[in-house]
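Below is one structure, written out as C-alpha coordinates, with a few remarks after it.
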Amino acid sequence: MLNGSWSIARFANIPVRLHWSFAFVFVVIAFFSVSYELQPKQIFAFTLYILTLYLCVVFHEYGHALMAKRFGVDTEDIIISPIGGVARLHRIPHQPFQEFLIAIAGPVVNVVLALIIATILLTIGERVLPASLDSFSIEKPIEFLRMVLVLNVILFLFNLIPAFPMDGGRILRALLASKIPYVKATTIASLIGRIIAIGFFIYGIYSKQYTLPFIAILIFTMARNEERMVKRTYKHE
(Lines give C-alpha, C1' and ligand atoms only; values in the text may rest on other atoms or scores of the structure.)
Protein backbone atom coordinates (compact mmCIF):
# COMPACT_ATOMS: atom_id res chain seq x y z
CA MET A 1 0.00 0.00 0.00
CA LEU A 2 1.31 3.45 -0.97
CA ASN A 3 -0.49 6.71 -0.12
CA GLY A 4 -3.85 4.97 -0.02
CA SER A 5 -3.31 2.90 -3.17
CA TRP A 6 -2.55 -0.74 -3.90
CA SER A 7 -0.31 -2.11 -6.62
CA ILE A 8 -2.33 -4.55 -8.75
CA ALA A 9 -0.15 -5.02 -11.85
CA ARG A 10 3.13 -4.04 -13.48
CA PHE A 11 4.13 -3.79 -17.14
CA ALA A 12 7.29 -2.27 -18.65
CA ASN A 13 8.41 -1.66 -15.06
CA ILE A 14 5.47 0.72 -14.56
CA PRO A 15 3.15 -0.27 -11.69
CA VAL A 16 -0.61 0.12 -11.87
CA ARG A 17 -2.09 1.20 -8.55
CA LEU A 18 -5.70 1.19 -7.45
CA HIS A 19 -6.69 4.17 -5.32
CA TRP A 20 -8.70 3.38 -2.19
CA SER A 21 -11.59 5.48 -3.52
CA PHE A 22 -12.09 2.93 -6.31
CA ALA A 23 -14.30 1.07 -3.83
CA PHE A 24 -16.89 3.76 -4.59
CA VAL A 25 -17.29 2.20 -8.06
CA PHE A 26 -18.78 -0.91 -6.48
CA VAL A 27 -21.07 1.26 -4.38
CA VAL A 28 -22.36 2.84 -7.60
CA ILE A 29 -22.82 -0.59 -9.18
CA ALA A 30 -24.79 -1.73 -6.14
CA PHE A 31 -26.90 1.44 -6.24
CA PHE A 32 -27.84 0.95 -9.91
CA SER A 33 -28.47 -2.75 -9.35
CA VAL A 34 -30.98 -2.01 -6.59
CA SER A 35 -32.51 1.07 -8.24
CA TYR A 36 -33.19 -0.70 -11.53
CA GLU A 37 -34.00 -4.04 -9.87
CA LEU A 38 -31.44 -5.85 -11.99
CA GLN A 39 -31.34 -9.59 -12.22
CA PRO A 40 -28.08 -11.45 -11.29
CA LYS A 41 -27.20 -11.89 -14.98
CA GLN A 42 -27.69 -8.18 -15.62
CA ILE A 43 -25.63 -7.24 -12.56
CA PHE A 44 -22.81 -9.45 -13.84
CA ALA A 45 -22.93 -7.88 -17.33
CA PHE A 46 -23.04 -4.35 -15.92
CA THR A 47 -20.15 -5.01 -13.51
CA LEU A 48 -18.04 -6.60 -16.24
CA TYR A 49 -18.72 -3.64 -18.52
CA ILE A 50 -17.66 -1.11 -15.87
CA LEU A 51 -14.48 -3.05 -15.05
CA THR A 52 -13.70 -3.27 -18.77
CA LEU A 53 -14.04 0.49 -18.94
CA TYR A 54 -11.26 0.87 -16.39
CA LEU A 55 -9.15 -1.74 -18.15
CA CYS A 56 -9.38 0.37 -21.30
CA VAL A 57 -8.36 3.37 -19.20
CA VAL A 58 -5.27 1.46 -18.06
CA PHE A 59 -4.35 0.72 -21.70
CA HIS A 60 -4.92 4.41 -22.48
CA GLU A 61 -2.56 5.52 -19.71
CA TYR A 62 0.10 3.04 -20.80
CA GLY A 63 -0.08 4.74 -24.19
CA HIS A 64 1.05 7.97 -22.54
CA ALA A 65 3.66 6.25 -20.36
CA LEU A 66 5.29 4.21 -23.13
CA MET A 67 5.42 7.18 -25.50
CA ALA A 68 6.98 9.30 -22.73
CA LYS A 69 9.58 6.57 -22.23
CA ARG A 70 10.67 7.03 -25.85
CA PHE A 71 11.68 10.58 -24.93
CA GLY A 72 13.53 9.56 -21.78
CA VAL A 73 10.67 10.46 -19.42
CA ASP A 74 9.99 7.84 -16.75
CA THR A 75 6.58 7.17 -15.23
CA GLU A 76 6.25 6.80 -11.46
CA ASP A 77 3.06 4.77 -11.73
CA ILE A 78 -0.45 4.69 -13.14
CA ILE A 79 -3.17 5.50 -10.61
CA ILE A 80 -6.74 4.31 -11.21
CA SER A 81 -9.55 6.04 -9.33
CA PRO A 82 -13.32 6.35 -9.86
CA ILE A 83 -12.86 9.43 -12.06
CA GLY A 84 -10.35 7.74 -14.35
CA GLY A 85 -6.64 7.14 -14.57
CA VAL A 86 -3.45 9.16 -14.59
CA ALA A 87 0.05 8.23 -15.63
CA ARG A 88 2.27 10.14 -13.20
CA LEU A 89 5.17 11.21 -15.40
CA HIS A 90 8.33 12.48 -13.72
CA ARG A 91 8.12 15.55 -15.92
CA ILE A 92 6.20 16.98 -18.86
CA PRO A 93 8.51 17.78 -21.80
CA HIS A 94 8.39 21.44 -22.75
CA GLN A 95 9.20 20.56 -26.35
CA PRO A 96 5.83 20.95 -28.10
CA PHE A 97 6.27 17.99 -30.47
CA GLN A 98 7.15 15.62 -27.64
CA GLU A 99 4.24 16.74 -25.48
CA PHE A 100 1.91 16.41 -28.47
CA LEU A 101 2.96 12.81 -29.13
CA ILE A 102 2.73 11.85 -25.45
CA ALA A 103 -0.73 13.44 -25.14
CA ILE A 104 -2.14 11.92 -28.35
CA ALA A 105 -0.75 8.44 -27.60
CA GLY A 106 -3.50 7.67 -25.07
CA PRO A 107 -6.46 8.41 -27.38
CA VAL A 108 -4.69 6.57 -30.21
CA VAL A 109 -4.68 3.43 -28.03
CA ASN A 110 -8.47 3.65 -27.77
CA VAL A 111 -8.75 4.02 -31.54
CA VAL A 112 -6.55 0.94 -32.02
CA LEU A 113 -8.68 -1.08 -29.58
CA ALA A 114 -11.87 -0.01 -31.37
CA LEU A 115 -10.39 -0.93 -34.76
CA ILE A 116 -9.28 -4.34 -33.50
CA ILE A 117 -12.77 -5.09 -32.23
CA ALA A 118 -14.35 -3.79 -35.44
CA THR A 119 -12.02 -5.99 -37.50
CA ILE A 120 -12.94 -9.05 -35.43
CA LEU A 121 -16.66 -8.37 -35.81
CA LEU A 122 -16.44 -7.78 -39.55
CA THR A 123 -14.25 -10.85 -40.04
CA ILE A 124 -16.85 -13.12 -38.46
CA GLY A 125 -19.66 -11.44 -40.38
CA GLU A 126 -21.20 -9.49 -37.53
CA ARG A 127 -22.37 -5.89 -37.51
CA VAL A 128 -20.10 -3.40 -35.77
CA LEU A 129 -22.49 -1.21 -33.78
CA PRO A 130 -24.71 -2.48 -30.93
CA ALA A 131 -28.47 -2.52 -31.27
CA SER A 132 -28.76 -0.78 -27.89
CA LEU A 133 -26.46 1.17 -25.59
CA ASP A 134 -28.05 -0.39 -22.51
CA SER A 135 -25.15 -2.05 -20.66
CA PHE A 136 -27.66 -3.74 -18.33
CA SER A 137 -29.03 -5.99 -21.06
CA ILE A 138 -25.87 -7.47 -22.57
CA GLU A 139 -26.63 -11.15 -23.12
CA LYS A 140 -24.11 -12.33 -25.73
CA PRO A 141 -20.30 -11.98 -25.96
CA ILE A 142 -20.69 -10.46 -29.43
CA GLU A 143 -22.94 -7.71 -28.05
CA PHE A 144 -20.43 -7.12 -25.27
CA LEU A 145 -17.67 -6.62 -27.86
CA ARG A 146 -19.81 -4.05 -29.67
CA MET A 147 -20.35 -2.18 -26.41
CA VAL A 148 -16.61 -2.17 -25.69
CA LEU A 149 -16.00 -0.77 -29.18
CA VAL A 150 -18.41 2.09 -28.47
CA LEU A 151 -16.77 2.57 -25.08
CA ASN A 152 -13.38 3.14 -26.70
CA VAL A 153 -14.83 5.57 -29.21
CA ILE A 154 -16.35 7.55 -26.32
CA LEU A 155 -13.04 7.53 -24.42
CA PHE A 156 -11.29 8.77 -27.56
CA LEU A 157 -13.72 11.63 -28.14
CA PHE A 158 -14.00 12.62 -24.48
CA ASN A 159 -10.23 12.83 -24.05
CA LEU A 160 -9.91 15.08 -27.09
CA ILE A 161 -11.96 17.82 -25.42
CA PRO A 162 -9.49 20.76 -25.49
CA ALA A 163 -9.40 21.29 -21.73
CA PHE A 164 -7.15 20.16 -18.90
CA PRO A 165 -6.96 17.53 -17.46
CA MET A 166 -8.07 15.80 -20.68
CA ASP A 167 -5.48 14.99 -23.30
CA GLY A 168 -7.07 17.53 -25.62
CA GLY A 169 -5.90 20.32 -23.31
CA ARG A 170 -2.29 19.16 -23.59
CA ILE A 171 -2.61 18.64 -27.33
CA LEU A 172 -3.95 22.18 -27.68
CA ARG A 173 -1.11 23.58 -25.56
CA ALA A 174 1.48 21.67 -27.60
CA LEU A 175 0.08 23.07 -30.85
CA LEU A 176 0.01 26.60 -29.43
CA ALA A 177 3.50 26.25 -27.96
CA SER A 178 4.89 25.47 -31.40
CA LYS A 179 4.07 29.09 -32.31
CA ILE A 180 4.13 31.04 -29.04
CA PRO A 181 5.96 30.81 -25.66
CA TYR A 182 5.04 27.78 -23.49
CA VAL A 183 3.65 29.83 -20.58
CA LYS A 184 1.43 31.89 -22.87
CA ALA A 185 0.27 28.71 -24.61
CA THR A 186 -0.64 27.22 -21.22
CA THR A 187 -2.56 30.37 -20.26
CA ILE A 188 -4.61 30.29 -23.47
CA ALA A 189 -5.27 26.55 -23.22
CA SER A 190 -6.27 26.98 -19.58
CA LEU A 191 -8.68 29.81 -20.46
CA ILE A 192 -10.30 27.76 -23.22
CA GLY A 193 -10.65 24.85 -20.80
CA ARG A 194 -12.38 27.02 -18.21
CA ILE A 195 -14.78 28.42 -20.81
CA ILE A 196 -15.66 24.86 -21.83
CA ALA A 197 -16.13 23.97 -18.15
CA ILE A 198 -18.59 26.84 -17.68
CA GLY A 199 -20.47 25.64 -20.75
CA PHE A 200 -20.63 22.10 -19.35
CA PHE A 201 -21.88 23.42 -16.01
CA ILE A 202 -24.66 25.53 -17.51
CA TYR A 203 -25.77 22.79 -19.90
CA GLY A 204 -25.69 20.18 -17.13
CA ILE A 205 -27.96 22.27 -14.91
CA TYR A 206 -30.29 23.16 -17.79
CA SER A 207 -30.60 19.57 -19.04
CA LYS A 208 -30.68 18.09 -15.51
CA GLN A 209 -27.64 15.93 -16.27
CA TYR A 210 -26.05 16.49 -12.90
CA THR A 211 -22.83 14.60 -13.59
CA LEU A 212 -21.84 17.36 -16.02
CA PRO A 213 -21.56 20.11 -13.36
CA PHE A 214 -19.28 17.79 -11.36
CA ILE A 215 -17.11 17.24 -14.44
CA ALA A 216 -17.20 20.98 -15.13
CA ILE A 217 -15.89 21.83 -11.65
CA LEU A 218 -13.08 19.30 -12.09
CA ILE A 219 -12.11 20.73 -15.49
CA PHE A 220 -12.24 24.32 -14.24
CA THR A 221 -10.08 23.52 -11.20
CA MET A 222 -7.53 21.44 -13.12
CA ALA A 223 -7.22 24.04 -15.88
CA ARG A 224 -6.50 26.75 -13.33
CA ASN A 225 -4.05 24.54 -11.42
CA GLU A 226 -2.16 23.64 -14.60
CA GLU A 227 -1.66 27.31 -15.43
CA ARG A 228 -0.45 28.12 -11.91
CA MET A 229 1.94 25.15 -11.86
CA VAL A 230 3.54 26.08 -15.20
CA LYS A 231 3.95 29.71 -14.21
CA ARG A 232 5.49 28.67 -10.91
CA THR A 233 7.86 26.22 -12.64
CA TYR A 234 9.07 28.75 -15.21
CA LYS A 235 9.47 31.40 -12.52
CA HIS A 236 12.08 29.22 -10.78
CA GLU A 237 13.89 28.18 -13.95
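Quick note: numbers below take in every heavy atom, side chains included, and nothing from hydrogens, waters or symmetry partners. These figures come from a predicted structure and were not determined experimentally.
- Under 4.0 Å is where a charged nitrogen must lie from a carboxylate oxygen, and between E143 and R146 at least one such pair does.
- Annotation: Y54 is in aromatic contact with F22 [ring centroid separation under 6.0 Å].
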(message) Using side-chain hydrogen bond (donor to acceptor under 3.5 Å, both in side chains), reason through H60 and N152 one step at a time and then give a plain yes or no.
(response) CA-CA 10 Å; H60 176 107; N152 277 282; over 6 Å; no
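- Using a distance-only test at 3.5 Å, with no hydrogens or angles considered, no donor-acceptor pair links the side chain of S190 to the main chain of T186.
- Heavy atoms only, all atoms of each residue included: I78 and E61 are closest at CG2-CB, 3.7 Å.
- Side-chain N or O atoms of H64 include one that pairs as donor or acceptor with a backbone N or O of I102 at under 3.5 Å.
- The backbone N or O of L175 lies less than 3.5 Å from a partner atom in the side chain of S178, making a donor-acceptor pair.
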(request) Test side-chain contact (heavy atoms from CB on, under 4.5 Å) on F59 and V112 and set out the steps. (result) CA-CA 11 Å; F59 289 148; V112 171; over 6 Å; no
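- Residues L212 and Y206 do not share a hydrophobic cluster, clusters being chains of Ile/Leu/Val/Met/Phe/Trp/Tyr side chains in contact below 4.5 Å.
- Within the 4.5 Å cutoff, the side chain of L89 has no heavy atoms near those of the E76 side chain.
- Atom CZ of R70 is surrounded by 12 or fewer heavy atoms from other residues, nucleotides or ligands within 6.0 Å.
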(message) Using the rule given for side-chain contact (heavy atoms from CB on, under 4.5 Å), can you reason through I124 versus I142, listing the C-alpha separation, both sets of side-chain angles and the distance that settles it, and then say yes or no?
(response) CA-CA 10 Å; I124 62 178; I142 290 296; 3.5 Å; yes
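- Hydrophobic clustering (ILVMFWY, side-chain heavy atoms < 4.5 Å, transitive): L160 and M222 are in distinct clusters.
- Both L38 and V28 are assigned to one and the same hydrophobic cluster, defined by single-linkage of ILVMFWY side chains at heavy-atom distances under 4.5 Å.
- Contact between M166 and F158 at its shortest, heavy atoms only, is CG-O, 3.6 Å.
- In this structure, K231 does not pair ionically with E226, as no charged nitrogen and carboxylate oxygen lie closer than 4.0 Å.
- When hydrophobic clusters are built by joining Ile, Leu, Val, Met, Phe, Trp and Tyr residues whose side-chain heavy atoms come closer than 4.5 Å, directly or via intermediates, I192 is not grouped with I202.
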(request) Check the pair R173, E227 against salt bridge (Lys or Arg N to Asp or Glu O under 4.0 Å), reporting the backbone distance first and the verdict last. (result) CA-CA 11 Å; R173 174 172 62 189; E227 180 182 7; over 6 Å; no
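- Hydrophobic clustering (side-chain heavy atoms under 4.5 Å, transitive across Ile, Leu, Val, Met, Phe, Trp, Tyr) groups L151 together with V25.
- One N or O on the side chain of Y62 and one on the backbone of I14 form a donor-acceptor pair closer than 3.5 Å.
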